[in-house]
Protein chains: 2
Amino acid sequence: MTNVLASQTVQLYDRLRAAILSLDLAPGERLTERGLEASFDASRTPVRAALGRLDAEGLVQRDGRGWIVSPIDLAEIGALAELREAVEGAAVRLAVQRATDADIAAVAALLDAARPGEGGGTDAEQGVRAGGDFHEQLTRLSGNPAMVDAVRGAMTRLARTRWLEVRTPAAREQAWLEHRAVLNALEARDADTASRLLTGHIRGTNDRLLAALAADSRRLRGHGLAIVPDAPPVTPR
Amino acid sequence: MTNVLASQTVQLYDRLRAAILSLDLAPGERLTERGLEASFDASRTPVRAALGRLDAEGLVQRDGRGWIVSPIDLAEIGALAELREAVEGAAVRLAVQRATDADIAAVAALLDAARPGEGGGTDAEQGVRAGGDFHEQLTRLSGNPAMVDAVRGAMTRLARTRWLEVRTPAAREQAWLEHRAVLNALEARDADTASRLLTGHIRGTNDRLLAALAADSRRLRGHGLAIVPDAPPVTPR
DNA sequence: GCATCCGATTTGGTATACCAAGGTGGTGTA
DNA sequence: TACACCACCTTGGTATACCAAATCGGATGC
């Protein structure tokens, strides 16, 4: 039969990616191919392949001849939020025209299943996953795969900070309600309202995130996180 | 290979990319790592690295266990045009707020220098390059690197067909005039007009491109180009 | 005591050998 | 003649050896 077991490269990519997104590998941390080879018990060939894919995703980057886990860059976070406003705002307008009621209901069902308060586990992780999934699924209703890819790529780059957005139950509840409101407008085929609510949600969430990041940056840096402030360029290490 | 500045991998990536974009490697053509190794006189390691980067760019893709040059996909072209409308339309609105007069004048100077009839190279190549550069530079005026990346990625995926848009001197003149009109609105700090003109330009150009592609698809296929016809709606993942 | 130079070590870049899986063609049999 | 089977060969996946450049440390000379 075919590959029931994923190839070493895929496994390694998944494990490295998970380690970066969980902040197990800190932003700004230096990576060496031979170090990863030892840590993950694979040879350099799959290590290099995984690094290449993560580089394309923006999760690692070159630092001179070497590699670093991409630092958290406040300017990049703002830029990605603007991109999401543009893409998701247009996508939901397309969804008003193209998505069937059943398509919308399916996304609504996912949203309802992820209503805050259900289930235990890590609330923050749950909130991050639910939020990322919601925005990707919503964009998918546009029927435009290029927009889905753009949104997914942005959400990936933002994944390491989004847990800050959903730290409190109140924040999770607000996000859920705003998501629900967008879907309501979409169900009512009200493109202007849906787009306005969605872009407002993205902008508001981002504003709160940047505020939290700025407030906590000293403490986060103390935990070993490299956070690139707004103005100056990258000064790794 | 004595070039000290560019590594083998970068050189190979550039040459492969050029071969794909120039249609020297036909869309849909099967690629083997060992074949490329022989054709480009490099070992498999840089070949694999280059293929990985081109895969991330969408210029090659996996086909089972092997590789193919990405076919030209009419649905993808339409989707990318929609993405560009959303991103570039928003970017020019940001540019109205953020770009200095000098920034805008610099882009205008580039546009004037690329006025149809000037310069060298074949007219079509010239038109493709000028168009791609213009849209990227225009997006750059937004000050948002994520938007620039999104537009550049879309233009890369579209590069193999854009020559069809600018086949005739009349088409090149029209594109140039529409570009100029966007810049005029931007100089006048008229966000609504700039965004409307730009999205209309992107949509109109794309419509003409799709019409030309549909009309010529038989002949193009005869030249060995694999063109994927309009596919059914999205059901990925 | 300080600066400088040199060499050992570490690093990514490259070439290549080996492996397993899948496809192909030929051959032998019914 | 048609079909089934098997050997071979091509392919991507992986491991690893070697190289050049950069770095770091210590020894040396002023």
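Computed from a predicted model, the values in this text were never measured in an experiment. Lettering of chains follows the sequences in order, A, B, ..., and the numbering in each one begins at 1.
A salt bridge is defined here as a Lys NZ or Arg NE, NH1 or NH2 lying under 4.0 Å from an Asp or Glu carboxylate O, and E37(A) with R44(A) fails to meet this definition. A salt bridge between E57(A) and R53(A) is absent, with no side-chain N of the basic residue lying under 4.0 Å from a carboxylate O of the acidic one. For D14(A) and R17(A), the salt-bridge test fails: no basic side-chain N is under 4.0 Å from an acidic carboxylate O. Using a 4.0 Å cut-off between charged nitrogen and carboxylate oxygen, E82(B) and R98(A) count as a salt-bridge pair.
In this structure, H179(B) and H135(B) have perpendicular ring planes: the angle between them is above 60°, well past the 30° mark.
Under 4.0 angstrom from either OP1 or OP2 of dG13(C) there lies at least one side-chain N or O belonging to R48(A).
Whole-Å rounding puts the D41(B) CG to dT14(C) P distance at 13 Å. Between the P atom of dG13(C) and the CG atom of L12(B) lies a distance of 14 Å, rounded to the nearest Å. Whole-Å rounding puts the D63(B) CG to dT11(D) P distance at 14 Å. Residue E33(A) contributes atom CD, which lies 14 Å from atom P of dA15(D) at whole-angstrom precision. In this structure, D55(A) places its CG atom 14 Å from C1' of dG12(C), rounding to the nearest Å. Rounded to a whole Å, the CD1 atom of I68(B) is 13 Å from the P atom of dG12(D).
With the nearest nucleotide of DNA chain C identified for both G66(A) and T45(A), G66(A) has the one nearer the 5' end.
No more than 12 heavy-atom neighbours from other residues, nucleotides or ligands sit within 6.0 angstrom of CZ on R203(A).
You'll find that the side chain of P46(A) is closest to dT14(D), out of dT16(C), dT14(D), dG23(C). Distances from the side chain of S7(B) to the nucleotides dA15(C), dT14(C), dA15(D) place dT14(C) closest. Set against dT14(C), dG12(D), dG12(C), the side chain of Q8(B) has dT14(C) as its closest nucleotide. With distances taken from any side-chain atom of R62(A) to the nucleotides dG12(D), dT14(D), dG12(C), the minimum falls on dG12(C). For R65(B), the listed nucleotide lying nearest its side chain is dG12(D); candidates were dG12(C), dG12(D), dT14(C).
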When you compare the protein's N or O atoms with those of nucleotides 17-19 of chain C, which come within less than 3.5 Å of each other, and at what distance?
| from | atom 1 | to | atom 2 | distance (Å) |
| --- | --- | --- | --- | --- |
| dC18(C) | N4 | R34(B) | NH2 | 3.4 |

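Using a 4.0 Å heavy-atom cutoff across all strands shown, L51(A) reaches no nucleic acid atom at all.
A 4.5 Å side-chain heavy-atom check between T161(A) and I72(A) finds at least one atom pair inside the cut-off.
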